Amino acid sequence: MKELIKELSNAKTTQDLDNIKSKWLGKKSELRAKFDALKDASASKRQKIGAELNTERAKIEELIENAKSEIAMRILNKQLANDNFDMTLPGIGGAVGALHPVTIIEEKCISALRRLGFVPVEGPEVETPEYNFDLLDIPKHHPARDAQDTFWIKKEELLPRTHTTSVQSRYMMDLKGDESKLPIKIVSPGRTYRNEAIDANHLAIFHQFEGLWVGHDVKISELKGTIGFILKEIYGNDIKVRFKPKFYPYTEPSIGADILTDRGWITIVGAGMVSPQVMKNFGFDPDRVSGFAFGFGTSRLAAEFAGTNMREIYGMDLRVFKNIKGVK
Ligand code: DAH
């Protein structure tokens, strides 16, 4: 053993260790010869000597293993000493992700509206003309139905919805005119599709955010209050909002709201009181039941929030998102 220890302490490389190992444990080692000799020993001796040889082998292996870790440590220390490794240098930071502006706007709208008692619901993106148009009193000759605006599927039997107002139709039709289910307050964010001429602020796929409050004695003042509340939630109390008259076939009266931006006033929502005819289409008595609906242009709100245009917020250039106000 002493000789082994001496050899090990002289070893400098892992190659030296391999040589030592084969000398002490290999086929031609003394130890192996002793093991081989066991077969000629008597049974009782064989057991005793066998156990001793096993212990000896374990000891040799242990000494070699220890020497191996020492050499590895020595090599590493030498490398570290030679490398100009400056532990005080700052590390390379990983890129930190953030929510997409559309998601931010949707979450802000939903959390504001939840506080007013609205519940989020979803509708399908592929619709029938009934829910997307007919029930909303958008007649066949109306420009919104024109082939220019709608991506028709299957000979005008189906379409990717042109607005989230289709969710309003679905939800109302599910109530089957049952007044005991009122009031209902729902919101529905989602993707919408139009066969648009594309530019920086008009895309074929964009997002809208629909809201509907139907009950007894729902007033337009509540509609205006709700829109103002949401806009303040998104942009803060200083946001300038103005309302204006608009036309939608399914609301009467219809209004729009603009916000004041660096680019002047931009329209961000269409809304109105659900028209008596549409109320009837949904199976409710317009003399007893009233309601309002609104459809925010989520993509437009998001582009404004991010300080850019719509095309950019749907693009893949992450630099656009770096300086978004209010986003860390
Ligand atoms: N659907 C309209 C649009 O896409 C927005 C809208 C207007 C939604 C009036 C409504 C509404 O629910 O009542 O421009």
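All values derive from a computational prediction rather than experimental measurement. Both counts, for ligands and for their atoms, begin at 1 and track the order of listing. The basis for the numbers below is simple: all heavy atoms, side chains too, and nothing from hydrogens, waters or symmetry mates.
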Measure from every N or O atom of ligand 1 to the protein's N or O atoms and keep only the pairs below 3.5 Å, writing each with atom names and distance to 0.1 Å.
| unit_1 | atom_1 | unit_2 | atom_2 | d |
| --- | --- | --- | --- | --- |
| ligand 1 | 1 (N) | His163 | ND1 | 3.0 |
| ligand 1 | 1 (N) | Thr165 | OG1 | 2.9 |
| ligand 1 | 1 (N) | Tyr250 | OH | 2.8 |
| ligand 1 | 4 (O) | Arg194 | NH2 | 2.8 |
| ligand 1 | 4 (O) | Gln208 | NE2 | 2.9 |
| ligand 1 | 12 (O) | Gln168 | NE2 | 3.4 |
| ligand 1 | 12 (O) | Glu210 | OE2 | 2.5 |
| ligand 1 | 13 (O) | Ala293 | O | 3.3 |

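Residue Glu52 qualifies as enclosed at atom CD: its count of foreign heavy atoms under 6.0 Å is above 12.
Taken to the nearest 0.5 Å, the OG atom of Ser299 stands 12.5 Å off from the CZ atom of Phe209. Considering CZ of Phe118 and SG of Cys109, their distance stands at 11.5 Å, rounded to 0.5 Å.
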(request) Please step through salt bridge (charged side-chain N to carboxylate O under 4.0 Å, His left out) for the pair Asp258 and Arg242, ending with a clear verdict. (result) CA-CA 5 Å; Asp258 299 348; Arg242 78 177 179 194; 2.9 Å; yes
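For the 3.5 Å distance criterion, the side chains of Thr298 and Gln208 fail to qualify, holding no donor opposite an acceptor.
Checking each of Val167, Val187, Ile186 against Leu212 for a side chain to side chain contact (heavy atoms under 4.5 Å, CB included) leaves exactly one that passes, namely Ile186.
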